[in-house]
There are 2 protein chains.
Amino acid sequence: MRTRLRCEAYHIFFKNLANGVKTDIISALKKKSMSVNELSKELDIEQSKLSHSLANLKFCNLVGSKQIGKKRIYSLNKKTILPILKIIDQHREKNCEGCKLKK
Amino acid sequence: MRTRLRCEAYHIFFKNLANGVKTDIISALKKKSMSVNELSKELDIEQSKLSHSLANLKFCNLVGSKQIGKKRIYSLNKKTILPILKIIDQHREKNCEGCKLKK
DNA sequence: TATTCATATGAGATACTTTTCATATGAGAA
DNA sequence: TTCTCATATGAAAAGTATCTCATATGAATA
């Protein structure tokens, strides 16, 4: 997201989720809030990569954070994320039986 | 989306929406189902560009289509899309007041 | 206030998506 | 069975995001 873009457009929101690292972060934070290091161990993803992704997610308030000592604990905005994931799960049950793989 | 990817991952779903052309298509089809040409006029977007985007959206069953004469009429999968857009709208009302622009 | 742990940031390289344009296919009418 | 309208497709070019790595910042403690 290098260009200056209006936050009002839906696709900005989706861009922030359209990436494996970010959806992995979301899945992990669904279980419990975690620091960057904890996420790094849990997901086996390098620290700065996580920080970059977390900055994006935070910009759109899809995650929040609070400083505890040296650590910064990230938490999921469950109010927004969980219902969306639920809709996608239902969509997939209905529509994605035949489509296991995408070219 | 060139590589072969599992459709189960959430980010595949979001990728399909993380683009202005696609969200514009969605907004247009929210009002009424349309052929490619109608969309092209309505949105002032070139035909082949629309076809490419529509193919992606259709792959994930976010739109459907039916052939009528020479025309192919595309329609929105409202059951999935509308509730998601609603959640995003609510999210933005709450969270995006200060964030008009994104670098 | 130097050191260490924890996280963030910048910039170049890499990878991926989207656009563009030329062309192919498909459906119906002449 | 050709012509025309409507849409789809492929491949190269253009645009954009992500990754990587080196380094900066920030918080706490010795």
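In what follows, chains carry the letters A, B, and so on, assigned in the order in which the sequence lines appear, proteins first and then strands, with residues in each chain numbered from 1.
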B:Q67 side-chain proximity, nearest of C:dA27, D:dA8, C:dT7: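 So the side chain of B:Q67 is nearest to C:dA27.
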Closest approach to the side chain of A:S51, judged atom by atom: which nucleotide of C:dA8, C:dT19, D:dA8 is it?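 Closest nucleotide to the A:S51 side chain: C:dA8.
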Check the distance between [N]'s [atom2] and [X]'s [atom1] and give it to me in whole angstrom.
X     : N      : atom1 : atom2 : value
A:L39 : C:dT7  : CG    : P     : 9 Å
A:M34 : C:dA6  : CE    : C1'   : 16 Å
A:K70 : D:dA24 : NZ    : C1'   : 17 Å
B:K71 : C:dA27 : NZ    : C1'   : 13 Å
B:R72 : C:dA27 : CZ    : P     : 8 Å
A:H11 : D:dA17 : NE2   : C1'   : 13 Å
B:K58 : D:dT9  : NZ    : C1'   : 15 Å
A:I73 : C:dA8  : CD1   : C1'   : 16 Å

[X] side chain near [N] phosphate (N/O to OP1/OP2, under 4.0 Å):
X     : N      : value
B:N37 : D:dT7  : yes
A:Y74 : C:dA6  : no
B:K22 : C:dT18 : yes

No-hydrogen, no-angle side-chain donor-acceptor test under 3.5 Å, A:E38 and A:S40: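 Not at all, the side chains of A:E38 and A:S40 share no donor-acceptor pair under 3.5 Å.
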Straight-line distance of [X] [atom1] to [Y] [atom2], nearest 0.5 Å:
X     : Y     : atom1 : atom2 : answer
A:L57 : A:N19 : CG    : CG    : 8.5 Å
B:K22 : B:N16 : NZ    : CG    : 5.0 Å
A:L39 : A:I73 : CG    : CD1   : 9.0 Å
A:K31 : A:E42 : NZ    : CD    : 4.5 Å

Tell me if the side-chain of [X] makes a donor-acceptor pair with the base of [N], cut-off 3.5 Å, by modelled atom types.
X     : N      : result
A:Q47 : C:dA8  : yes
A:S48 : D:dC19 : no
A:H52 : D:dT20 : yes

Let me spell it out: for each of A:N19 and B:K49, pick the nucleotide of DNA chain D with the closest heavy atom. Which residue's pick is nearer the 5' end?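 Final value for this comparison: B:K49.
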Of A:E46 and A:G69, the one whose closest DNA chain D nucleotide lies more 5':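 Result of the comparison: A:E46.
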